[in-house]
Amino acid sequence: MATLELKQIRKTYPKADQETLKGIDISIDSGEFLILVGPSGCGKSTLMNTIAGLENISSGEIVIDGRDVAAVEPKDRDIAMVFQSYALYPNMTVRGNIAFGLKIRKMPDDQIDAEVNRVAEMLQIDHLLDRKPSQLSGGQRQRVAMGRALARRPKLYLFDEPLSNLDAKLRVEMRHQIKRLHQKLNTTIVYVTHDQIEAMTLADRIAVMKDGILQQLGTPQEIYSKPNNMFVAGFMGSPSMNFIETMVDLDANEKPVIKVTGSNNQEHHIKLPDTMRSQDGKRIVIGLRPEHISETPSEDQSASTQLDMKLEVLEPTGPDTIAMIKVNDQEVACRLSPEYEVSVGDTASLHFDLSKAVFFDAQTEQRMEIH
């Protein structure tokens, strides 16, 4: 286990005149599972490669257990990496692949055998030790790749989208496997993925990146419930957060409300928390997760508004039904119970739970702190 500090990491490609990493600051505790997420081209894999030493940084510090390793060769950083492509030696057996790094380090044969057996048993691949990679399924190959990393017992593990080549069922199984391994070994892990479910279920903390800039670093619950800005809010969650742009008004009782128009062109008033009174006349964006618009009354009745809305689309998923409605000519997703019997075109009585809403400044797209 090891601590990892990334201090003002910058990476520029002079030929392309492009700065890929723009001053990344992240501190990772010993035994922590950190996941880097973001859209393609945001810099998350580049950041991973700089930690591993596969790419040099332009400036900054990469500190492992108090030692700056930015100028240290990859082989001397005591890091193990698991790649998306498995990167197994096709001419070696599973046993040979797992043992390879240990042999390079000139470990005694009996210790190598013991370590290979330990790792194979942990990953439930001990019956595959004499097979070649070509005789394995994708999930089995990924376990071998993980076994090779685990056998080294390094200070730090890096996973670069290790499950993206697997089908949906295998991804779920391997996700559980990685979660169990981390709980058992308490290793320090940095993990890159584009899969939000992987990020939410595996991470102790999530780092959300965009255009080489760290947008937010926090626990899965913080990222989901209190996103720093509209990008983070829209990136995490499936379906993603609904955004309703509107203006704050005061009603006859000086209570803050917003006016919205449904699919039937009927105007509705949705009451806001009293703390929004100071925003009178300001354009804001209200962020509401689909589960906060449903047929079920919210616990906080004072922050809930019930509206009759026409259902435009219904998407049954099994545990729930995603319904699409129109609010201010925008499609808005709601999450309904599968037992709620409705059809497309029906008018449903839906509860908007504003106690769970996130408010954003319409110009800056940053979350507003409402007190």
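Only a predicted model underlies this, so the values are computations on that prediction, with no experimental measurement involved. Both backbone and side-chain heavy atoms feed into the values below; hydrogens, waters and symmetry mates do not.
- In this structure, the separation between CZ on Phe159 and CD1 on Ile35 is 10.5 Å, given to the nearest 0.5 Å.
- Checking side-chain atoms of Gln142 against main-chain N and O of Gly139 turns up no donor-acceptor pair under 3.5 Å.
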Checklist entry - Going through the distances and angles, do Lys169 and Glu173 end up as a salt bridge (charged side-chain N to carboxylate O under 4.0 Å, His left out)? => result CA-CA 6 Å; Lys169 186 173 184 294; Glu173 291 176 4; 2.7 Å; yes
Next on the checklist: What verdict does the side chain to side chain donor-acceptor pair (under 3.5 Å) test give for Gln366 and Asn228, after you've listed the backbone C-alpha separation in whole Å, the side-chain angles of each residue and the deciding distance to 0.1 Å?
Outcome noted: CA-CA 6 Å; Gln366 298 296 305; Asn228 278 355; over 6 Å; no
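- Contact check on Glu19 versus Lys11 returns no salt bridge, with no Lys/Arg side-chain nitrogen under 4.0 Å from an Asp/Glu carboxylate oxygen.
- Under a 4.0 Å N-O distance rule, the pair Arg205/Glu32 qualifies as a salt bridge.
- Between Glu245 and Arg283, at least one side-chain nitrogen of the basic residue sits less than 4.0 Å from a carboxylate oxygen of the acidic one, meeting the salt-bridge criterion.
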Checklist entry - When you look at Arg131 and Thr93, which way does the side chain to side chain donor-acceptor pair (under 3.5 Å) test go after all the steps? => result CA-CA 5 Å; Arg131 295 188 189 179; Thr93 62; over 6 Å; no
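- Ring geometry, Tyr89 versus Phe100: the interplanar angle falls from 30° to 60°, so the pair is classed tilted.
- Between the side chain of Asp249 and the main chain of Ile258, no donor-acceptor pair closer than 3.5 Å is present.
- Side-chain atoms of Arg10 do not come within 3.5 Å of backbone N or O of Leu21 as any donor-acceptor pair.
- In summary, Lys255 and Asp274 engage in a salt bridge, as defined by a charged side-chain N under 4.0 Å from a carboxylate O.
- Salt bridge annotation for Arg118-Glu115: present, with a cationic side-chain nitrogen under 4.0 angstrom from a carboxylate oxygen.
- Smallest separation of non-hydrogen atoms from Ala99 and Val116: CB-CG2, 3.8 Å.
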Next on the checklist: Let's go through Asp195 and Thr193 carefully: what are the C-alpha distance in whole Å and the side-chain angles of both, what is the deciding distance for side chain to side chain donor-acceptor pair (under 3.5 Å) to 0.1 Å, and is it a yes or a no?
Outcome noted: CA-CA 5 Å; Asp195 188 313; Thr193 183; 5.4 Å; no
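- The pair Lys282-Asp361 meets the salt-bridge criterion, with a side-chain N (NZ, NE, NH1 or NH2) lying under 4.0 Å from an Asp/Glu carboxylate O.
- Distance CD1/Ile51 to CE/Met81: 8.5 Å, rounded to 0.5 Å.
- Using modelled atom types, no side-chain atom of Arg277 and backbone atom of Pro256 make a donor-acceptor pair closer than 3.5 Å.
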Checklist entry - Does the pair Asn49 and Thr46 meet the rule for a side chain to side chain donor-acceptor pair (under 3.5 Å), with working shown? => result CA-CA 5 Å; Asn49 288 336; Thr46 302; 5.7 Å; no
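- Atom CD of Glu121 has 12 or fewer neighbouring heavy atoms from other residues, nucleotides or ligands inside a 6.0 Å radius.
- For the pair Ser27 (side chain) and Glu5 (backbone), a donor-acceptor distance under 3.5 Å is absent.
- For Lys155 and Asp78, the salt-bridge test fails: no basic side-chain N is under 4.0 Å from an acidic carboxylate O.
- Residue Ile223 holds its CD1 atom at 10.5 Å from CD of Gln215, rounded to the nearest 0.5 Å.
- Other residues, nucleotides and ligands place no more than 12 heavy atoms under 6.0 Å from the NZ atom of Lys103.
- Between Thr347 and Met309, every side-chain heavy-atom pair lies at or beyond the 4.5 Å cut-off.
- With a 6.0 Å cutoff to the six-membered ring centre and a 45° limit on the axis angle, Arg289 counts as a cation-pi contact of Tyr224.
- The line from NZ of Lys226 to CD of Glu369 is 8.0 Å long, rounded to the nearest 0.5 Å.
- A distance-only check finds a donor-acceptor pair linking the side chain of Thr50 to the backbone of Leu47 [under 3.5 Å].
- Between Ala348 and Tyr340, the closest heavy-atom pair is CB-OH, 3.6 Å.
- For the residue pair Gly212 and Ile24, the shortest heavy atom distance occurs at O-CD1, 3.4 Å.
- Residue Gln111 places its CD atom among more than 12 non-hydrogen atoms of other residues, nucleotides or ligands, all under 6.0 Å distant.
- The aromatic rings of Phe235 and Phe231 sit parallel to each other, their planes meeting at less than 30°, with 60° as the upper class boundary.
- Heavy atoms of other residues, nucleotides or ligands lying less than 6.0 angstrom from CG of Asn91 number more than 12.
- Relative ring orientation between Phe33 and Tyr191 is described as tilted, the plane-to-plane angle lying within the 30° to 60° band.
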